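The structure appears below as structure tokens.
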Amino acid sequence: MPEISYREAVSSALREALNDDLRVFLVGEDIGPYGGAYAVTKGFTEEFGPDRIKDSPLSESAFVGAGVGAAMGGLRPIVELMTINFSMLAMDQIINHAAKVRYMSGGQLSAPMIIRTVTGGGAQVAATHSQNFEGWFATVPGMKVVVPSTPYDVLGLFRSCREEADPVMFVEHILLYSSRGEVPEGTYKVPLGESDVKRKGSHLTIVSYSRMVLLALDAARKLSQEGIEVEVIDLRCLRPLDMEPVLESVRKTHRALIVEEVWKTGGFGAEVAAQIQEHAFDYLDGPVARVAGAEVPMPYSRPLERAAIPDSDVIAHAVKSSIMG
Amino acid sequence: MVKVPMTAKETLEAPQLLELYRQMMLIRVFEEECARQYMQGNIHGFLHLYIGEEAIAVGSISTLRDQDYVVTHYRDHGHALAKGIDSKSAMAELFGKATGCSRGKGGSMHLFDTSKNFMGGYAIVAGQMPVAAGLALAAKSKGEDRLVICYLGDGALNEGEFHESMNLASIWKLPVIYFCENNLYGMGAPVWDTLALADNIYKLAESYNMPGMRLNGMDVLEVREVTQEASEHVRSGKGPIFLEAQTYRFRGHSIADPAEYRHGIEVEDWLEKDPIVTFKRKLLDEGRASEQELSDIDGAVMKEIEEAAKFADDSPFPEIDTLFEDVYADQPVPSNSGRLTE
């Protein structure tokens with residue numbers, strides 16, 4: 001199987017969408033001749049023309065909202081929010097309009113659009129540019145939220161997003177663009193709402209999503225050398241959320257650790273922990289543990305930033321603490 | 001670019017004039033019935049009445065074609081009725097009934113009827129403006145022969161979404177009319193205390209390299225003429241246009257607002273300009289209609305609204321099973337549904 005980067009996976013998913021469906025257009029800031037802040041749409045303007053690769057003014061609310069209206073009007077917009085930090089400037093359109101119009105109209109209208117955006121810290125861009133808000137959107141009925149961790153999942157999930165009749169947030173991670181992974185030929189799909197067991201194990205279940213899945217897998221490899229076998233489950237979607245593989249795993253391992261990059265207070269992991277105790281309480285040999293980001297605005301300085309984001313050592317330590325009690 | 005319209009009077013035949021009168025009366029009587037039903041406990045939540053502003057919805061929408069999209073704000077009953085939403089399904093929506101135009105999910109502020117290309121009332125101030133730009137973008141991209149008319153209040157002018165949408169519509173030359181209904185108050189805040197350009201709102205358009213026009217929102221014929229002119233501009237592919245209609249709501253911001261912040265003299269002055277009373281006087285003075293014709297219309301309208309209220313009252317509430325319908329196309333009831341009766 002060919003190996004490609006996460007960035008190449010996003011690019012080819014977009015290219016496919018543009019080639020397959022004339023209703024599809026891209027809109028966002030500097031996605032045209034500039035090529036996108038993360039070089040995902042490099043060369044797209046030459047290939048598809050400025051009418052389908054629409055550079056927008058710095059007006060997040062207007063171009064996300066225009067995506068909502070265009071979707072209502074029969075197009076299939078793919079909107080790029082340069083980072084999830086800027087989603088706050090478009091919150092009204094995402095929450096009050098995209099996610100609500102089907103319900104408020106009694107099913108007469110809908111906003112089938114994909115909002116691509118970039119989450120995460122670790123690039124030393126400090127407090128306003130290093131946040132993880134994907135969990136917010138997953139609390140909203142009417143939205144779907146996809147958080148791929150590998151090139152394989154990027155391509156497979158994106159193809160499924162295109163078939164959705166409702167708005168989807170497709171959340172890429174800033175540090176994953178250069179990561180690589182195998183991707184089969186052909187147009188396979190990964191359905192929304194199917195968590196994925198990324199590694200088998202029997203001693204403890206790690207539940208994670210986005211970049212933290214890779215760090216959890218790192219930790220699991222280290223722990224394996226010490227005789228600890230960890231199962232790693234990648235949620236892949238926060239909404240719809242597929243808890244079945246998580247519960248099945250916890251019934252087997254009797255221990256759960258949730259790993260995420262966002263602040264622990266009210267993080268998405270809190271929802272996962274609550275559901276584990278709701279549905280698998282009797283199987284647990286100990287409390288559901290959590291590893292999450294430090295509760296601080298992200299600092300700039302490298303050692304401080306590193307201390308604020310979980311790494312594989314922190315995860316491995318948490319696994320051991322959980323198992324040792 | 002900015003101008004106040006010429007007054008080249010169009011000549012309408014008597015049936016057209018009577019139809020304008022009928023539509024304005026329909027909205028007036030509908031709204032009065034809403035107020036009554038609210039007091040009787042049949043309508044709940046927010047209720048923003050359009051009384052006093054009828055000439056704008058009727059004058060402007062009467063110039064549109066069926067395929068044109070209407071997008072509006074939460075004071076949306078007038079636009080909905082003018083675009084042809086059945087008064088029965090509108091009233092049933094306000095009653096929260098299953099037969100309502102939004103199946104009882106939307107209520108007063110969120111009327112929808114896509115069969116009439118009435119694309120919705122939106123309740124976040126200025127939130128409808130980007131959506132309207134998107135509908136216009138879709139129409140333009142697909143080569144459809146239609147425009148979008150998007151109503152906003154004077155309060156919306158101070159929202160960021162106003163600026164963002166006006167600019168976006170202008171640079172992308174979108175076929176949209178942004179139509180500001182300046183009724184002088186954003187809730188209780190007077191426009192002259194909240195907007196730097198309060199006396200010349202239509203000139204805001206200049207900043208976006210867009211034509212702007214001001215008109216008398218109490219005169220249904222002037223509204224028609226100016227909208228017609230604006231439509232021609234938009235349909236010719238020249239991009240968006242901005243209109244400011246000066247008007248007044250005769251009631252408070254919502255049914256719960258006694259509007260004590262407005263002076264009696266100001267209110268009386270505007271009541272003198274009642275768009276229905278003045279139009280009626282004009283029709284009679286100019287011999288375009290008889291007392292009998294107009295009172296026949298009044299009677300028919302009152303009968304229609306009486307029937308609408310009866311229909312709404314007689315209709316069933318939505319089945320509780322419909323609670324989870326229309327959240328998503330595939331309507332999964334999530335395991336974590338949060339339904340209290342589980």
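Convention: sequence-line order gives letters A, B, ...; per-chain numbering from 1. All of these numbers come straight from a predicted model, not from anything done at the bench.
Atom OH of Y188(A) has more than 12 heavy atoms from other residues, nucleotides or ligands within 6.0 Å. Crowding of E248(A) atom CD: a count of heavy atoms from other residues, nucleotides or ligands under 6.0 Å not exceeding 12. Other residues, nucleotides and ligands contribute only 12 or fewer heavy atoms inside 6.0 Å of the NZ atom of K173(B). By the neighbour-count criterion of 12 heavy atoms within 6.0 Å, atom NZ of K142(B) is densely surrounded, having more than that number from other residues, nucleotides or ligands. F46(B) CZ: 12 or fewer foreign heavy atoms inside a 6.0 Å radius. Around atom CZ of F86(A), more than 12 heavy atoms belonging to other residues, nucleotides or ligands sit under 6.0 Å away.
Classification of K140(B) and D51(A) as a salt-bridged pair fails, no side-chain N sitting under 4.0 Å from a carboxylate O.
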Salt bridge (Lys or Arg N to Asp or Glu O under 4.0 Å) between D330(B) and K144(A): does it pass, once the steps are laid out?
CA-CA 12 Å; D330(B) 44 4; K144(A) 297 192 176 187; 3.4 Å; yes

Stepwise side-chain contact (heavy atoms from CB on, under 4.5 Å) check, F63(A) with E164(B):
CA-CA 8 Å; F63(A) 72 77; E164(B) 291 191 14; over 6 Å; no

Stepwise side-chain contact (heavy atoms from CB on, under 4.5 Å) test for L75(A) and S141(B):
CA-CA 9 Å; L75(A) 299 182; S141(B) 301; 4.0 Å; yes

side-chain contact (heavy atoms from CB on, under 4.5 Å), that's the test. Do L137(B) and F25(A) meet it? Break it down for me.
CA-CA 11 Å; L137(B) 174 64; F25(A) 69 99; 3.7 Å; yes

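Residues S165(B) and A62(A) share a closest heavy-atom pair of N-CB, 4.1 Å. Across every non-hydrogen atom of A66(A) and L168(B), the tightest pair is CB-CD2, 4.0 Å.
Of the listed residues (E60(A), H97(A), M72(A)), the greatest number of heavy-atom pairs within a distance under 4.5 Å of chain B belongs to H97(A). Counting heavy-atom pairs closer than 4.5 Å to chain B, the top residue among P57(A), P141(A), S59(A) is S59(A). Interface summary for chain A: among E325(B), E161(B), E93(B), the most heavy-atom pairs under 4.5 angstrom belong to E161(B). The candidate with the highest count of non-hydrogen atom pairs below 4.5 Å against chain B, out of S105(A), P240(A), G73(A), A98(A), is S105(A). Taking chain A as the reference chain and counting heavy-atom pairs below 4.5 Å, the highest number among L174(B), D113(B), N167(B) is found for D113(B). Among D92(A), V27(A), L89(A), V68(A), the residue with the largest count of heavy-atom pairs under 4.5 Å with chain B is D92(A). Between chain A and the options G127(B), A123(B), G121(B), the largest number of non-hydrogen pairs under 4.5 Å is found for G127(B). Counting heavy-atom pairs under 4.5 Å between each of V71(B), T322(B), I124(B) and chain A puts I124(B) at the top. Heavy-atom pairs under 4.5 Å with chain B peak, among A71(A), A99(A), G107(A), at G107(A).
The part of I171(B) that comes within reach of chain A is its side chain, from C-beta onward, which places non-hydrogen atoms under 4.5 angstrom from that chain. Neither the backbone nor the side chain of D242(A) comes within contact range of chain B, judged by heavy atoms closer than 4.5 Å.
A distance of 5.0 Å separates CH2 of W172(B) from OG of S56(A), quoted to the nearest 0.5 Å. Going from atom CE of M129(B) over to atom OG of S61(A) covers 11.0 Å, rounded to the nearest 0.5 Å.
A donor-acceptor pair under 3.5 Å is formed between the side chain of Q108(A) and the backbone N or O of C101(B). For Y103(A) (side chain) and K105(B) (main-chain N/O), no donor-acceptor pair under 3.5 Å exists by modelled atom type. Within the 3.5 Å criterion, the main-chain N or O of E164(A) finds no donor-acceptor partner in the side chain of Y328(B).
In this structure the side chain of R102(A) never reaches within 4.5 angstrom of the side chain of V327(B), judged on heavy atoms. The closest side-chain heavy-atom distance from Q93(A) to V131(B) is below 4.5 Å.
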